Each structure stands twice: as structure tokens, then as C-alpha cells.
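One structure is given below, encoded as C-alpha cells.
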Amino acid sequence: MGKYEDSYRHKGLRKKLMDQLREKGITDEAVLDAMNNIPRHFFLDSALDEIAYEDRAFPIGEKQTISQPYTVAYQTQLLMIKPQDKVLEIGTGSVYQASVLAEMGAKVFTIERQKKLFEKTKNFFLKQKYPNLKFFYGDGYEGLPTYAPFDKVIITAAAPFIPPRLIEQLKVGGLMVIPLDEGAHQRMLRITHNADGTVGEEAFENFSFVPMLSGRKG
Ligand code: SAH
């Protein structure tokens with residue numbers, strides 16, 4: 001079977017996965033709809049085709065992973081995406097999370113620090129489908145000052161601290177979802193940028209991410 005074939009079997013497995021996500025506490029149907037529309041097996045090595053709809057992370061090369069569907073759903077739900085939201089994502093990886101955001105109608109700006117992973121996005125197979133998704137090679141700690149401010153910021157790697165540049169690039173009233181490093185696990189935080197310049201913080205579940213590293217890797 002060709003890699004880019006979305007069979008009834010795949011669709012069925014995907015629907016089951018959405019049910020599992022609901023059971024685990026995901027309630028935002030817009031998020032589940034978007035994930036149900038995206039063939040996750042397209043983002044993985046074809047050897048993983050059969051297990052692409054298990055709720056787990058998988059290797060994508062360069063010591064990186066495609067996040068677990070539950071994690072993607074959880075972070076996206078916390079972002080409260082509205083169509084036309086300008087969203088900055090740190091850690092493009094497999095482009096799966098960015099595609100979910102694009103599918104929801106957001107204008108997505110995603111940054112990857114690893115050249116090899118960034119180069120792969122040049123042939124991204126859903127490029128035509130998502131003209132609202134733009135790829136950048138750079139250091140996520142710097143953000144994208146040229147395109148700022150953003151309504152939402154999502155970090156998909158374990159951040160040792162809240163990157164100050166990214167707060168600067170967040171609109172007043174905007175939201176940032178960030179897994180903050182606490183040793184082996186990260187605490188999922190939602191940061192709000194208040195009108196008086198202060199920053200609010202809500203804490204959620206613990207997750208496990210690959211580290212957010214500084215600088216670009218050629
Ligand atoms: N959102 C991705 C998850 C990728 S894993 C997906 O849906 O598949 C995290 C990614 O963050 C890796 O590709 C890693 O190279 C990248 N990363 C780590 N530190 C970064 C930084 N400072 N700037 C940009 N990307 C970074």
C-alpha cells in the first residue's frame with residue numbers, strides 16, 4: 001500500500017483514537033475534528049503504518065519524536081484556537097502538530113533548529129492544502145520578531161525556563177502553552193500576557209518532551 005493512501009482501515013483506526021482521546025479527557029471537538037481529518041500515518045515512516053494510530057510518540061530521526069496524540073490534543077486544547085489566530089510553534093519536528101493548527105484555520109509560523117528536519121519540510125506533502133503554514137529554520141528562543149506579535153505560542157520541546165523573547169512576541173491577551181522543565185518531566189503551563197504587562201500562569205498535567213536546545217544545528 002502506498003504511503004499516502006488513507007484507507008478505510010486507517011480512517012477507522014483514527015476514529016478509535018479520537019474516542020480514546022475523549023476518554024482521556026479531551027473535550028474540544030474542534031481539536032478532535034482536526035486530528036480526525038489528518039492521516040497521522042503520512043507523517044511516520046511507512047514501517048510504522050499499522051501502529052500510527054496508537055496513542056504514543058514515535059521516532060522521526062535526528063533523535064526527535066512526533067508527539068503522542070494525547071499530548072498534541074492537550075496542548076492544542078489549552079491554546080483555545082480560533083480561525084485566523086496567528087500562532088508561533090517552536091519545534092516543527094514531523095509537522096504533525098503544526099498541521100493540526102493549520103487544519104483548525106490558524107496562521108501557523110513554525111520554527112525548527114535542526115537543518116535536516118527543516119529541509120524535509122520543503123517537500124511537505126500537505127503544502128498545497130495548508131498555504132497558512134509557514135516554515136522557518138532558526139532558534140526558537142529567539143522567536144520570529146519580524147512576524148510578531150502572535151495570538152498564541154506553543155512550545156513542543158521541554159523548556160528550561162519561559163523564553164523572555166517569546167513573551168515579548170505574545171500579544172496582550174495572548175496565550176502561550178509551554179512544557180516547563182522539572183527534571184525528568186515537564187509541567188504543562190498556560191501563560192497569559194495581561195494588559196498591565198504582567199504574566200499569569202496556570203499549571204496542568206505533567207508530560208515528557210525532548211529538550212528545547214539553544215542555537216541552530218546545521
Ligand atoms: N511538534 C513536533 C514535535 C517535535 S519534537 C511534532 O508534531 O512532530 C521537538 C522538536 O523541537 C524537535 O524537532 C527539536 O529539534 C525541536 N527543537 C528543540 N529545541 C528547539 C529550538 N530552540 N528551536 C526550534 N526547535 C527546537
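Every number for a ligand or one of its atoms is a count from 1 in the order of the listing. These numbers come from a predicted model, not from an experiment.
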Rounding to 0.5 Å, atoms CD (E168) and NE2 (H193) come to a distance of 9.0 Å
d(L101 CG, I154 CD1) to nearest 0.5 Å is 5.5 Å
In the protein, which heavy atom is nearest to [atom], and how far is it?
| atom | result |
| --- | --- |
| atom 7 (O) of ligand 1 | Q97 N, 3.0 Å |
| atom 19 (N) of ligand 1 | L213 N, 3.0 Å |
| atom 2 (C) of ligand 1 | G91 O, 3.3 Å |
| atom 12 (C) of ligand 1 | Q64 OE1, 3.2 Å |
| atom 23 (N) of ligand 1 | G140 N, 2.7 Å |
| atom 15 (O) of ligand 1 | E112 OE2, 2.6 Å |
| atom 9 (C) of ligand 1 | T156 O, 3.4 Å |

Atoms of ligand 1 less than 4.0 Å from [X] heavy atoms?
| X | answer |
| --- | --- |
| I111 | 24 (C), 25 (N) |
| I90 | 23 (N), 24 (C) |
| Y141 | 22 (N) |
| V210 | 5 (S), 9 (C) |

Parallel, tilted or perpendicular: which describes the rings of [X] and [Y], with under 30° parallel and over 60° perpendicular?
| X | Y | result |
| --- | --- | --- |
| F43 | F125 | perpendicular |
| F204 | Y74 | perpendicular |
| H10 | H41 | parallel |

Which is closest to [atom] by heavy-atom distance: [options]?
| atom | options | answer |
| --- | --- | --- |
| atom 3 (C) of ligand 1 | L117, I66, I154, T65 | T65 |
| atom 8 (O) of ligand 1 | G93, S94, G143 | S94 |
| atom 24 (C) of ligand 1 | R113, Q75, Q114 | R113 |

Worksheet item: Is the shortest side-chain N to carboxylate O distance from K16 to D19 below 4.0 Å?
Response: no
**Asked** Would K116 and E119 pass as an ion pair if we require N to O under 4.0 Å?
**Response** no
Within the 4.0 Å heavy-atom cut-off, what P211 brings close to ligand 1 is backbone
Do ligand 1 and [X] have nitrogen or oxygen atoms that lie under 3.5 Å from each other?
| X | result |
| --- | --- |
| E89 | yes |
| M212 | no |
| A157 | no |

Looking only at atom types and distance, does a side-chain atom of [X] sit under 3.5 Å from a main-chain N or O of [Y], one as donor and one as acceptor?
| X | Y | answer |
| --- | --- | --- |
| R113 | G215 | yes |
| K129 | S99 | no |
| D139 | R216 | no |
| Y141 | P163 | no |

Mark the output for [X] as yes if a heavy-atom distance to ligand 1 is under 4.0 Å, and as no if none is.
| X | value |
| --- | --- |
| A98 | no |
| T92 | yes |
| S67 | yes |

**Asked** Will you find, in the side chains of D55 and Q20, an N or O donor that is under 3.5 Å from an N or O acceptor?
**Response** no
- Near R187 CZ, under 6.0 Å, is it more than 12 heavy atoms from other residues, nucleotides or ligands? yes
